Amino acid sequence: MIVAESKNKEIVKKEFEKRIITHAFHDIDGTHSLIREWPPVMSIVLYDVIENGLPEDYDSDENVRRLIDAAGTRPLPETDRFCIESAGLSALTQMEWSIRRAIEEGTVKFDCDKSVNSEKIKRIWKGEEIFEDLADEPEIEAFLSEHSPRLFKCYEKVLNGYCRDKNLEIAKTDPERFRVPGSFKWMQFLKDNGVKNYFVTGAVVEKGMGMYEEVETLGYRFGPDEMMEDIYGSTWTEKIPKNVVMENLIRDLGLKPENILVVGDGRSEIFAGVELGALCVSRLDDNADAQRKIHETLGTNMIVKDWTDPALYENLRAE
């Protein structure tokens, strides 16, 4: 079994009581996989919507090519920052944010309650995805239901052309190149000591495609006797916040939050883990100053640069 205890304070940001870990919920992008260089792609797609609205051909092959060529070529202060601070949210929520910002800027012409629209923009930036206390008019709900998934698919096309397709091909022969250092050993260590590992992602999960294909290419296998138990994520049309995915897993598996390890590099999974009372470990680069500040403010228990850090194995040890 795995016992978590603050033995080495070097990586501890928030003290935690000694506990046994039985299950682990892992984010994928940036936490274990480096196949998707998604921030510059997300930033240009969201920026383009705010700047130019949603012309009829916004998801055409020609426009996708234009966005691929533009990704990462210049700073985009608002959307670059949004990508950092919204990491881990459902992609549908991120698409919704840009459409609402375009409505706010007037590049998408839509007659709606502007105060409700602006409030939802602010809340999404703070990490919220469901707004039961703020009702939209049916017209804007229908508009978002049509265009958020369509824009999401456009974003995926840009991502594929910018990095995913070429990186996936390389990973088929050199998977270690696209794993965060120490990831495979760390996951196997958890598995070998009785922890059941689950992937939780904001991306779409379809067997044999997309994110599922990526993690299998990197060597992560699913099943009762494999390193991973299963993978859970969103769909093209339904945003499923990570806190909901985690809460559903806890309920369905009959778990206690104090026995759960939550691992990620985004604010949404760490926020959810802290709220649940799980043990949280953030995987952030040394120079990720903005993200480190966010994660410490959220209340993550530990921050590591990668999964080779000896202190991690001292604070989560096999017994």
Side-chain angles (χ1 to χ4, degrees), residues 23-33 36 38 42 45-46 82-83 85-100 120-121 123-136 140-156 159 196-215 220 222 228-255 257 260-278 280 298:
H23 293 72
F25 301 160
H26 302 261
D27 173 59
I28 302 173
D29 279 332
T31 301
H32 291 289
S33 171
R36 296 185 177 213
W38 67 268
M42 179 74 74
V45 169
L46 303 188
F82 177 74
C83 289
E85 298 189 17
S86 70
L89 295 182
S90 163
L92 284 172
T93 299
Q94 293 166 315
M95 301 301 123
E96 176 186 336
W97 176 84
S98 70
I99 296 171
R100 289 187 180 278
K120 289 191 175 183
I121 290 168
R123 291 197 189 182
I124 290 172
W125 199 307
K126 292 178 181 178
E128 293 186 44
E129 300 193 68
I130 305 297
F131 314 98
E132 294 180 350
D133 62 323
L134 280 178
D136 278 312
I140 192 171
E141 287 185 358
F143 187 80
L144 289 167
S145 293
E146 175 187 354
H147 286 284
S148 293
R150 182 176 164 187
L151 183 61
F152 182 10
K153 291 180 180 179
C154 176
Y155 156 74
E156 286 283 332
L159 183 70
K196 296 185 181 299
N197 293 306
Y198 292 83
F199 274 140
V200 177
T201 175
V204 171
V205 172
E206 295 178 323
K207 192 167 185 178
M209 300 174 61
M211 185 60 75
Y212 201 107
E213 179 186 19
E214 290 169 30
V215 295
Y220 304 101
F222 299 96
M228 308 301 302
E229 298 292 315
D230 212 338
I231 179 172
Y232 294 90
S234 292
T235 72
W236 291 112
T237 58
E238 180 187 11
K239 59 180 178 182
I240 308 175
K242 286 184 179 176
N243 67 301
V244 174
V245 175
M246 293 180 190
E247 288 167 5
N248 289 343
L249 275 170
I250 288 170
R251 181 198 63 221
D252 294 346
L253 298 173
L255 308 180
I260 297 170
L261 172 66
V262 173
V263 178
D265 71 328
R267 73 183 293 170
S268 64
E269 60 264 18
I270 298 302
F271 175 78
V274 170
E275 289 291 296
L276 288 168
C280 297
L298 290 173

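Hydrogens, waters and symmetry mates play no part in the numbers below; they use all other heavy atoms, side chains included. Fair warning: this is a prediction, and the values are worked out from it, not measured in the lab.
Atom CZ in Phe25 sits 10.0 Å away from atom CG in Leu261 (nearest 0.5 Å). Put simply, CD on Glu96 and OG on Ser145 are 9.0 Å apart, with the number rounded to the nearest 0.5 Å. The distance from atom OH of Tyr155 to atom CG of Leu46, rounded to the nearest 0.5 Å, is 9.0 Å. Taking CZ from Phe82 and CD1 from Ile121, the interatomic distance works out to 10.0 Å, rounded to the nearest 0.5 Å. Of the inter-residue distances, the one linking Gln94 atom CD with Cys83 atom SG reads 6.5 Å to the nearest 0.5 angstrom. Between the CG atom of Leu92 and the OG1 atom of Thr237 there is a distance of 7.5 Å, given to the nearest 0.5 Å.
Using a 4.5 Å cut-off on side-chain heavy atoms (C-beta onward), Ile240 and Tyr232 make no contact. In this structure the side chain of Asn243 never reaches within 4.5 angstrom of the side chain of Glu269, judged on heavy atoms. Taking the side chain as every heavy atom from C-beta outward, Arg251 and Asn248 approach each other to under 4.5 Å.
Without hydrogens or angle criteria, Ser268 side chain to Gly88 main chain gives a donor-acceptor distance under 3.5 Å. The main-chain N or O of Glu129 is found under 3.5 Å from a side-chain atom of Lys239 such that the two form a donor-acceptor pair. Under a 3.5 Å cut-off, the side chain of Arg267 and the backbone N or O of Lys126 do form a donor-acceptor pair. Here the side chain of Ser33 pairs no donor or acceptor atom with the backbone of Ile28 at under 3.5 angstrom. Looking at Lys120, its side chain never comes within 3.5 Å of a backbone N or O of Arg100 through a donor-acceptor pair.
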### Query
For His32 and Phe199, what are the C-alpha separation, side-chain angles and deciding distance, and is it a side chain to side chain contact (heavy atoms under 4.5 Å, CB included)?
CA-CA 10 Å; His32 291 289; Phe199 274 140; 3.9 Å; yes
### Task
Tell me, with the steps shown, if Leu255 and Leu249 meet side chain to side chain contact (heavy atoms under 4.5 Å, CB included).
CA-CA 8 Å; Leu255 308 180; Leu249 275 170; 5.5 Å; no
### Message
The test is side chain to side chain contact (heavy atoms under 4.5 Å, CB included); show your working for Trp236 and Glu156 and say whether it passes.
### Response
CA-CA 11 Å; Trp236 291 112; Glu156 286 283 332; 3.6 Å; yes
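Classification of Glu214 and Arg36 as a salt-bridged pair holds, one side-chain N sitting under 4.0 Å from a carboxylate O.
Counting non-hydrogen atoms of neighbouring residues, nucleotides and ligands closer than 6.0 angstrom, the CZ atom of Phe271 reaches no more than 12 such neighbours.
Ring orientation note: the planes of Trp125 and Trp97 are nearly perpendicular, at an angle over 60° on the 30°/60° scale.
Phe222 and Tyr212 have their aromatic ring centers within a separation under 6.0 angstrom.
Closest non-hydrogen pair, Asp29 versus Asp265, comes out as O-OD1, 3.0 Å.
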